[in-house]
Amino acid sequence: MIDFIKLVENILEEQDKTKQDLFENKVISENTFFKYRQRYPSLKTLINIANYLKVSLDYLFEFTNENHFEEYKEENLKFYENLISFINAKKISSRQFCKDLGYAKDNILRWKNGIQPTFQRLLEIAKYFRCSIDDLIK
């Protein structure tokens with residue numbers, strides 16, 4: 001599991017900020033932040049943190065050394081559409097995609113209906129398609 005807290009601390013240090021700045025600016029509560037020692041935050045929380053720090057998710061998670069930040073807006077997230085494009089480009093069915101990753105087929109339906117995937121799923125899918133997180137959600 002990626003050490004999310006350490007990744008955020010690294011960005012904060014680069015920007016001469018502290019975790020306390022996150023808490024005081026109500027980006028995230030202190031209790032919630034430290035829960036991420038054992039699990040990943042939701043995509044919504046990640047977007048709040050990335051927007052506050054003005055970093056792309058790819059930069060935050062060290063998928064790239066260059067920060068190509070563009071503000072994340074929930075209404076502009078296109079995960080489902082992008083996922084279908086990647087599936088079609090790979091010339092596989094949605095069923096095969098789910099089978100390859102061990103997902104239930106109903107995940108695709110939930111995502112089609114606007115439910116965002118967990119961040120762990122985003123990481124798995126990005127690895128599967130060898131693409132960036134931003135390629136999946138923007």
Side-chain angles (χ1 to χ4, degrees):
M1 182 169 171
I2 295 171
D3 187 345
F4 175 72
I5 292 174
K6 187 65 176 165
L7 293 173
V8 172
E9 288 173 339
N10 291 342
I11 300 292
L12 289 167
E13 186 177 321
E14 284 176 18
Q15 297 181 2
D16 292 323
K17 295 179 181 175
T18 66
K19 291 182 293 247
Q20 199 61 37
D21 292 322
L22 288 175
F23 311 145
E24 289 173 3
N25 286 294
K26 300 187 187 321
V27 176
I28 190 169
S29 75
E30 187 171 357
N31 288 338
T32 300
F33 183 76
F34 288 109
K35 288 180 183 176
Y36 300 133
R37 287 186 176 128
Q38 285 114 25
R39 62 183 172 93
Y40 290 117
S42 69
L43 183 56
K44 183 177 181 174
T45 299
L46 284 171
I47 287 171
N48 287 341
I49 292 169
N51 282 339
Y52 173 75
L53 297 172
K54 295 184 177 16
V55 295
S56 70
L57 291 177
D58 291 327
Y59 185 78
L60 175 62
F61 281 89
E62 299 179 342
F63 288 1
T64 182
N65 292 325
E66 296 180 32
N67 181 21
H68 298 288
F69 175 72
E70 185 178 315
E71 185 177 3
Y72 295 94
K73 297 180 181 176
E74 283 192 58
E75 65 270 11
N76 293 337
L77 299 182
K78 306 272 188 236
F79 172 73
Y80 176 75
E81 294 89 344
N82 293 340
L83 175 64
I84 295 304
S85 292
F86 277 107
I87 288 171
N88 290 338
K90 194 167 175 129
K91 298 183 183 190
I92 59 172
S93 66
S94 295
R95 177 177 288 211
Q96 185 62 49
F97 163 77
C98 289
K99 184 177 177 183
D100 289 350
L101 289 171
Y103 298 164
K105 181 93 168 94
D106 65 338
N107 282 315
I108 299 275
L109 295 174
R110 282 198 299 270
W111 297 333
K112 182 179 183 179
N113 292 324
I115 304 297
Q116 297 297 341
T118 63
F119 193 71
Q120 181 158 352
R121 293 273 163 113
L122 278 176
L123 290 174
E124 293 166 355
I125 294 167
K127 183 177 178 181
Y128 178 80
F129 288 116
R130 295 186 177 120
C131 69
S132 74
I133 298 164
D134 283 337
D135 288 340
L136 282 173
I137 65 172
K138 285 190 169 186

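A quick note: this is a predicted structure, and the numbers were derived from the prediction, not measured. We're numbering straight along the sequence, starting at 1. Any value given below was found using the heavy atoms of this structure, including those in side chains, with hydrogens, waters and symmetry copies removed.
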Problem set entry | Parallel, tilted or perpendicular, as decided by the 30° and 60° cut-offs, for the rings of Tyr40 and Phe119 | perpendicular
Value for CD1 (Ile92) from OH (Tyr128), rounded to nearest 0.5 Å, stands at 3.5 Å
| task | Decide whether Glu14 and Asn10 meet the rule of one side-chain donor and one side-chain acceptor closer than 3.5 Å. | result | no
Practice item. Decide yes or no for Leu57 and Leu43: does some side-chain heavy atom of the first lie under 4.5 Å from some side-chain heavy atom of the second? Key: yes
dist Glu81:CD -> Lys112:NZ (nearest 0.5 Å) comes out at 10.5 Å
### Query
Less than 4.5 Å apart, any side-chain heavy atom of Tyr103 and any of Ile125?
yes
Min side-chain heavy-atom separation Leu60-Ile133 under 4.5 Å: no
Result for side-chain contact (heavy atoms from CB on, under 4.5 Å) between Gln116 and one of Leu77, Leu46, Leu122 points to Leu77
Here the gap from Leu101 atom CG to Asn107 atom CG, rounded to the nearest 0.5 Å, amounts to 10.0 Å
Practice item. Please step through side-chain contact (heavy atoms from CB on, under 4.5 Å) for the pair Ile28 and Asn48, ending with a clear verdict. Key: CA-CA 8 Å; Ile28 190 169; Asn48 287 341; over 6 Å; no
Would you call Asp134 and Tyr72 a side-chain contact if the rule is heavy atoms closer than 4.5 Å?
yes
- prompt: Heavy atoms, side chains only, cut-off 4.5 Å: are Leu12 and Thr18 in contact?
  reply: no
For Phe129 and Leu83 the tightest heavy-atom approach is CE1-CD1, 3.8 Å
*CD of Gln15: more than 12 outside heavy atoms within 6.0 angstrom?*
yes
Counting heavy atoms not belonging to Asn65, are there more than 12 under 6.0 Å from its CG? no
Interatomic distance, OH@Tyr36 vs CD@Gln38, rounded to 0.5 Å, equals 12.0 Å
- For atom CD of Glu13, decide whether the heavy atoms of other residues, nucleotides or ligands shown that lie under 6.0 angstrom number more than 12. no
Q. Tell me, do Leu22 and Tyr52 make a side-chain contact under 4.5 Å, heavy atoms counted?
A. yes
Exercise. Evaluate side-chain contact (heavy atoms from CB on, under 4.5 Å) for Val27 paired with Phe33, printing each intermediate quantity in order.
Key: CA-CA 10 Å; Val27 176; Phe33 183 76; over 6 Å; no
When every non-hydrogen atom of Trp111 is compared with those of Ile115, the smallest separation belongs to CD1-O, 3.1 Å
Between Cys98 and Ala104 the two heavy atoms that sit nearest each other are SG-O, 3.9 Å
Smallest heavy-atom separation, Cys131 atom then Leu136 atom, equals SG-CG, 3.7 Å
Original post:
Are Leu53 and Phe69 side-chain neighbours, meaning at least one heavy-atom pair lies under 4.5 Å?
Top reply: no
Hydrophobic clustering (ILVMFWY, side-chain heavy atoms < 4.5 Å, transitive) - are Leu109 and Ile87 grouped together?
no
* Under a 4.5 Å cut-off applied to non-hydrogen side-chain atoms, are Lys90 and Gln96 in contact? -> no
On a heavy-atom basis, the closest approach of Asn25 and Asp21 is ND2-O, 2.8 Å
For Ile49 and Val8 the tightest heavy-atom approach is CG2-CG2, 4.4 Å
- Task: Would you indicate whether Lys78, at its atom NZ, is surrounded by more than 12 heavy atoms from other residues, nucleotides or ligands within a distance under 6.0 Å?
- Result: yes
dist Lys105:NZ -> Ser93:OG (nearest 0.5 Å) comes out at 7.0 Å
Interatomic distance, NZ@Lys127 vs CZ@Phe63, rounded to 0.5 Å, equals 10.0 Å
Point to revise | Heavy-atom donor-acceptor pair, Asn76 side chain to Lys138 backbone, under 3.5 Å | key: no
